[in-house]
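Everything on this sheet refers to the single structure shown next.
Predicted model, so just to flag it, every value in this text is computed and none were measured.
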Amino acid sequence: MNQAAITTSTKQTDIKRSWHLIDVKGKVLGRVSGEIAHLLMGKSNPNFVRNLDCGNYVVVVNARQVKVTGKKEEQKNYYRHSGYPGGLKAESLQELRVRKPEEIIIHAVKGMLPQNKLRDKMLKRLFVFAGEEHKYQDKFKS
C-alpha cells in the first residue's frame with residue numbers, strides 16, 4: 001500500500017516566535033509599515049496559517065524620524081471622536097509627530113493587518129519607541 005505524505009495542520013503549540021528590531025530612521029512610512037505588518041502576521045514562517053496568530057515580535061525605534069513623501073506632512077490628517085456631539089478631533093501628521101510619534105507607525109501598521117479578530121493580538125506584539133532607546137535590549141543580544 002502506497003503511503004502518501006500526510007499534511008498536518010499547524011497548532012498554537014507549534015508556533016515559534018522570534019524578535020525583530022526595525023530602525024525606521026529615514027525610511028518611508030508606507031514601505032516600512034508593510035514590512036512590519038508582514039512580520040506581525042508571520043507570513044514568512046514555514047508553519048503560517050491564516051486562522052492562527054503565527055506572527056513575530058517587532059520592536060520599532062526612531063519613530064519620530066520616519067519619512068513621508070509628498071505634502072503628507074502638512075496635508076495628512078488623523079481623526080478621532082470623543083463620542084460626544086461635536087467631538088470630532090482632527091490632527092495633522094506634523095502635530096501628531098510632536099505629540100505622540102509612536103501613533104503614526106501603529107496607525108499605519110493597523111491598516112495593513114487583516115481586519116479580523118486576530119488583529120488586536122498581532123498589534124500587542126508591536127512595540128514602538130520614538131527614540132533610539134527601548135526596553136527590549138536583552139532580546140537582541142547575540
Side-chain angles (χ1 to χ4, degrees), residues 3-142:
Q3 293 254 341
I6 298 173
T7 305
T8 58
S9 61
T10 304
K11 295 172 185 58
Q12 195 69 44
T13 55
D14 300 338
I15 297 169
K16 308 256 185 303
R17 301 187 193 282
S18 57
W19 285 78
H20 299 273
L21 178 65
I22 298 181
D23 186 4
V24 296
K25 185 177 187 177
K27 292 186 180 175
V28 178
L29 176 63
R31 306 264 178 176
V32 76
S33 297
E35 187 181 318
I36 294 167
H38 190 81
L39 290 169
L40 287 173
M41 285 187 276
K43 291 189 88 169
S44 58
N45 295 350
N47 55 359
F48 171 75
V49 286
R50 290 198 176 279
N51 63 319
L52 292 177
D53 183 14
C54 304
N56 301 308
Y57 292 93
V58 179
V59 178
V60 179
V61 293
N62 290 321
R64 189 176 286 120
Q65 297 169 359
V66 71
K67 198 169 85 173
V68 290
T69 57
K71 297 180 182 177
K72 292 186 193 89
E73 194 73 38
E74 302 86 29
Q75 292 180 351
K76 181 168 177 57
N77 288 319
Y78 292 91
Y79 299 97
R80 62 186 190 279
H81 199 283
S82 66
Y84 289 98
L88 181 66
K89 306 282 185 197
E91 188 173 29
S92 72
L93 177 68
Q94 213 169 25
E95 295 164 351
L96 186 61
R97 191 185 298 269
V98 172
R99 187 177 66 85
K100 202 165 184 185
E102 303 88 6
E103 285 297 316
I104 297 169
I105 304 284
I106 293 169
H107 187 273
V109 171
K110 186 175 184 178
M112 293 187 182
L113 290 172
Q115 282 83 30
N116 60 24
K117 293 178 181 181
L118 298 176
R119 178 166 64 172
D120 289 337
K121 291 179 184 177
M122 292 176 191
L123 280 173
K124 282 182 183 173
R125 288 192 319 277
L126 174 63
F127 306 100
V128 184
F129 297 93
E132 193 76 42
E133 297 83 33
H134 61 90
K135 59 183 179 181
Y136 299 100
Q137 301 284 354
D138 57 325
K139 305 292 183 187
F140 301 105
K141 300 288 183 205
S142 22

How long is the span from the [atom1] atom in [X] to the [atom2] atom in [Y], to the nearest 0.5 Å?
{"X": "L39", "Y": "M122", "atom1": "CG", "atom2": "CE", "answer": "12.0 Å"}
{"X": "L40", "Y": "H20", "atom1": "CG", "atom2": "NE2", "answer": "9.5 Å"}
{"X": "N45", "Y": "N56", "atom1": "CG", "atom2": "CG", "answer": "4.5 Å"}
{"X": "D14", "Y": "Q12", "atom1": "CG", "atom2": "CD", "answer": "9.0 Å"}
{"X": "I104", "Y": "L93", "atom1": "CD1", "atom2": "CG", "answer": "4.5 Å"}
{"X": "M41", "Y": "I36", "atom1": "CE", "atom2": "CD1", "answer": "11.5 Å"}

Report task. Give the intermediate values and the outcome of ring-ring contact (aromatic ring centres under 6.0 Å, His included) for residues Y78 and H107. Result -> CA-CA 9 Å; Y78 292 91; H107 187 273; 4.9 Å; yes
Might you point out which heavy atoms bring [X] and [Y] nearest each other, and give the distance in Å?
{"X": "D53", "Y": "I15", "answer": "O-CD1, 3.5 Å"}
{"X": "E95", "Y": "A90", "answer": "OE1-O, 4.4 Å"}
{"X": "V24", "Y": "N62", "answer": "CG2-O, 3.3 Å"}
{"X": "L29", "Y": "A108", "answer": "CD1-CB, 4.0 Å"}
{"X": "K43", "Y": "R50", "answer": "NZ-NH2, 3.5 Å"}
{"X": "S33", "Y": "M112", "answer": "C-SD, 3.6 Å"}

Query raised in the report: Relative to the ring of W19, is the ring of Y57 parallel (under 30°), tilted (30 to 60°) or perpendicular (over 60°)?
Result: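 The arrangement is parallel - the two ring planes meet at less than 30°.
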Query raised in the report: Any donor and acceptor pair, going by atom type alone, linking the side chain of E74 with main-chain N or O of K72 inside 3.5 Å?
Result: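 Checking the backbone N and O of K72 against the side chain of E74, no donor-acceptor pair under 3.5 Å is found.
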Are any of the side-chain heavy atoms of [X] and [Y] separated by less than 4.5 Å?
{"X": "V60", "Y": "V66", "value": "no"}
{"X": "K135", "Y": "F129", "value": "yes"}
{"X": "K139", "Y": "V59", "value": "no"}

Query - side chain to side chain contact (heavy atoms under 4.5 Å, CB included) evaluation trace for V68 with K76 - result: CA-CA 10 Å; V68 290; K76 181 168 177 57; over 6 Å; no
Report task. Please lay out, stage by stage, how F140 and H134 fare under the test side chain to side chain contact (heavy atoms under 4.5 Å, CB included). Result -> CA-CA 11 Å; F140 301 105; H134 61 90; 3.9 Å; yes
Report task. Run through R97, K67, Q94 and flag the one making a side-chain hydrogen bond (donor to acceptor under 3.5 Å, both in side chains) with E73. Result ->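 Single side-chain hydrogen bond (donor to acceptor under 3.5 Å, both in side chains) partner of E73 among R97, K67, Q94: R97.
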Requested in this report: Considering only NZ, NE, NH1 and NH2 on the basic side and carboxylate oxygens on the acidic side, decide whether K25 and E132 come within less than 4.0 Å.
Outcome: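 No, no charged N to carboxylate O under 4.0 Å.
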Query raised in the report: Is the count of non-hydrogen atoms from other residues, nucleotides or ligands lying under 6.0 Å from R17 atom CZ greater than 12?
Result: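 It does: R17 CZ has more than 12 such atoms within range.
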